[in-house]
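Along the sequence shown, residues carry numbers from 1. Indexing begins at 1, ligand by ligand and atom by atom, following the structure's order.
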Amino acid sequence: MAMADMRPPIESGCPDGFQYMHPTMRRNFGLWKYHTDPKPGVLRHVAESGEEIFTVKVGTQRILDVFSLRELTSIGDEFADGYIRFTIRSNVEYYVTDESKVDPLIEAVEKLGYVVGGTKNSVTSLSHTQGWLHCDIPGTDASGVVKSMMDELIDEFKSWNMPNRVHITTSCCQINCGGQGDIAINVQHTKPPKIDHAQVSNVCERPSVVARCPVAAIRPAMVDGKPSLEVDEKKCICCGACFPPCPPMMINDAEHSKLAVWVGGNHSNARGKPTFQKLVASAIPNNPPRWPEAAGIVKLILKCYKEDARDWERVGEWVERIGWPRFFELTGLPFTKYHIDNWRGARASLNASTHIRF
Ligand code: SF4
Ligand code: SF4
């Protein structure tokens with residue numbers, strides 16, 4: 001086919017963000033001189049040109065309905081020249097060039113029940129994974145954990161009381177999201193999957209399920225004359241990776257799917273090399289609607305961090321300085337044999353730096 005006949009590609013990716021950017025930000029892109037923090041939730045950026053812009057950060061309930069979105073965007077129309085941005089933690093940011101509009105904007109959002117904060121050394125909104133809405137593996141309702149935890153930590157969102165910024169993450173399965181936090185609340189399955197043999201041949205492509213298991217614990221099998229699968233339960237590490245390609249491998253369980261809390265994850269190379277999170281509490285009841293046990297552990301860790309860390313130490317840096325034994329002493333969390341990572345495969349197979357390797 002001649003080049004002239006080729007159909008042009010249809011661009012279906014992310015649109016160019018510049019068209020949605022506040023004109024003051026567009027004009028000064030890459031030319032910012034410094035920023036200050038006038039109050040919690042508000043940033044003031046000053047450009048080389050002398051222009052300045054205020055950012056007001058607002059925490060939301062994360063999963064937003066159309067009514068709330070209309071409310072939030074009409075505030076943007078009234079006070080922020082019609083510009084609004086959602087951060088990766090689902091905060092809403094408004095951009096205001098007229099300083100006299102900052103306080104009325106804050107008043108308007110607070111009147112509707114939203115909170116302003118999440119900047120500098122605060123606990124910012126929890127990172128949200130919500131498999132029930134868009135993913136195929138969830139074992140719990142992560143948005144419920146996020147909402148109840150944010151309700152508990154609302155004062156820490158609105159103030160600058162922490163030694164440094166705290167990022168908290170969640171996950172609704174055991175294998176994917178939730179690895180990027182100072183503190184992470186992740187799902188933990190504790191039993192191998194139960195197999196609904198009647199459904200396997202209707203729903204699952206057996207070779208891809210077998211290939212999915214990281215410890216080769218799944219084998220094809222015939223059960224009641226039908227093609228199915230079997231699991232070597234001694235090998236199974238209860239990761240849940242077989243559930244997405246084969247929902248009849250039922251790993252989610254009201255009693256045995258638990259939560260675990262991990263501490264000290266860092267994805268960036270900013271001041272030190274990236275670090276893996278470490279398990280500090282496991283087998284925490286997955287207890288909706290308010291998850292009090294998990295919330296209690298997170299609040300306990302935050303209290304110890306607040307009292308003991310030096311200024312500007314992140315959670316992971318604090319623990320590395322005082323040592324993990326001292327961390328368990330301070331928090332009073334039990335240290336068991338299950339906290340010891342004796343899996344050597346990680347050294348060869350997992351990335352431990354953000355550098356690309358070929
Ligand atoms: S944590 Fe797991 S189930 Fe939840 S969104 Fe991420 S990959 Fe999907
Ligand atoms: S839960 Fe994980 S380890 Fe167990 S059988 Fe499924 S894929 Fe394999």
Requested in this report: Give me the protein N, O or S atoms that fall under 2.8 Å of atom 4 (Fe) of ligand 1, sorted by chain and residue number.
Outcome: Cys172 SG

**Report entry** His339 and its ring pair (Phe, Tyr, Trp, His ring centres under 6.0 Å) partner, picked from Phe327, Trp262, Phe328
**Finding:** Phe328

Query raised in the report: Who are the salt bridge (charged side-chain N to carboxylate O under 4.0 Å, His left out) partners of Glu205, not counting sequence neighbours?
Result: none

Report task. Note the single closest protein heavy atom to atom 2 (Fe) of ligand 2, along with its residue, its atom name and the distance in Å. Result -> Cys239 SG, 2.3 Å

Query raised in the report: What atoms of ligand 2 come within less than 4.0 Å of a heavy atom belonging to Ile218?
Result: 5 (S)

Can you give each donor-acceptor pair under 3.5 Å made by side-chain atoms of residues 71-78, sequence neighbours left out, with the distance rounded to 0.1 Å?
residue, atom, partner, partner atom, Å
Glu71, OE1, Tyr114, OH, 3.4
Thr73, OG1, Leu69, O, 2.7
Thr73, OG1, Arg70, O, 3.1
Ser74, OG, Arg70, O, 2.8
Ser74, OG, Glu71, O, 3.0

Query raised in the report: Less than 4.0 Å between a side-chain N and a carboxylate O, is that true for Glu156 and Lys306?
Result: yes

Query raised in the report: Are Asp151 and Arg290 ion-paired here, with the side-chain N under 4.0 Å from a carboxylate O?
Result: yes

Query raised in the report: Starting from atom 6 (Fe) of ligand 2, which protein heavy atom do you reach first, and at what distance in Å?
Result: Cys242 SG, 2.3 Å

Report task. Name all residues meeting the side chain to side chain contact (heavy atoms under 4.5 Å, CB included) criterion together with Val102; count only those two or more places apart in sequence or in a different chain, and write none if there are none. Result -> Val42, Phe54, Val56, Val96, Ile106

Requested in this report: Starting from atom 3 (S) of ligand 2, find the nearest protein heavy-atom neighbour and note its residue, name and distance.
Outcome: Ile237 N, 3.4 Å

Requested in this report: Please report which non-hydrogen protein atom sits nearest to atom 4 (Fe) of ligand 2, along with the residue it belongs to and the distance in Å to one decimal place.
Outcome: Cys236 SG, 2.3 Å

Report summary line: Residue, atom and distance of the protein heavy atom nearest atom 8 (Fe) of ligand 2 read Cys213 SG, 2.3 Å

Query raised in the report: Between Glu48 and Lys33, is the closest basic N to carboxylate O distance under 4.0 Å?
Result: no

Query raised in the report: Between Tyr95 and Tyr83, does the ring centroid distance fall short of 6.0 Å?
Result: no

Query raised in the report: Are the charged groups of Glu317 and Arg321 less than 4.0 angstrom apart, N to O?
Result: no

Report summary line: Nearest non-hydrogen protein atom to atom 1 (S) of ligand 2, with distance, is Gly240 N, 3.3 Å

Requested in this report: Provide the number and element of each atom of ligand 2 under 4.0 Å from a heavy atom of Val215.
Outcome: 3 (S)

Query raised in the report: To the nearest 0.1 Å, how far is atom 5 (S) of ligand 1 from its closest protein heavy atom, and which atom is that?
Result: His134 CE1, 3.5 Å

Report task. Decide, yes or no, whether a salt bridge links Lys194 with Asp253 under the criterion of side-chain N to carboxylate O below 4.0 Å. Result -> yes

